[in-house]
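Atom set for the values below is all heavy atoms of this structure, side chains included, hydrogens, waters and symmetry mates excluded. Index from 1, following the sequence.
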Amino acid sequence: RSAAGLGASAAATALLRPLPAPAAELPPAAVILRVAEVTQFQEDALRRAASYSDEEERERAGYAFGRNQMEMSVDVLLRNTRLSSLPGCATPALTIGEVK
């Protein structure tokens with residue numbers, strides 16, 4: 001099933017699952033593309049959640065998440081991708097980490 005067919009929380013979890021062991025060998029460009037994909041998904045989910053008029057409507061649509069979930073998603077993303085260890089990526093990793 002694609003991420004589009006899942007609820008926001010389930011799709012975010014699917015995208016943020018730990019990368020398989022061979023992924024540790026991905027070239028830096030592939031890791032950066034992965035980070036871009038996940039952050040775009042997170043932005044889209046936040047924008048969609050913000051478009052609902054109230055909390056009840058947001059929950060019915062499956063967009064019931066708060067700051068703690070976003071912080072956790074960022075932590076998982078940074079940990080799984082090891083973005084800060086890539087050449088030239090320490091500052092972008094710190095910037096993404098400022099979500100906390």
Distance from [X] atom [atom1] to [Y] atom [atom2], nearest 0.5 Å?
{"X": "Gln42", "Y": "Glu37", "atom1": "CD", "atom2": "CD", "value": "11.0 Å"}
{"X": "Thr91", "Y": "Ile96", "atom1": "OG1", "atom2": "CD1", "value": "11.5 Å"}
{"X": "Gln40", "Y": "Asp44", "atom1": "CD", "atom2": "CG", "value": "4.5 Å"}

* To do: Please say whether more than 12 non-hydrogen atoms of neighbouring residues, nucleotides or ligands are located less than 6.0 Å from CZ in Arg48.
  => no
* Quick one: do Arg58 and Glu55 make a salt bridge, cutoff under 4.0 Å? -> yes
Indicate yes or no: at least one non-hydrogen side-chain atom of [X] is less than 4.5 angstrom from one of [Y].
{"X": "Leu77", "Y": "Thr39", "result": "yes"}
{"X": "Thr81", "Y": "Val38", "result": "no"}
{"X": "Leu78", "Y": "Ser84", "result": "no"}
{"X": "Leu46", "Y": "Met70", "result": "yes"}

* To do: Please name all residues satisfying side-chain contact (heavy atoms from CB on, under 4.5 Å) with Leu94, sequence neighbours left out, ordered by chain then number.
  => none
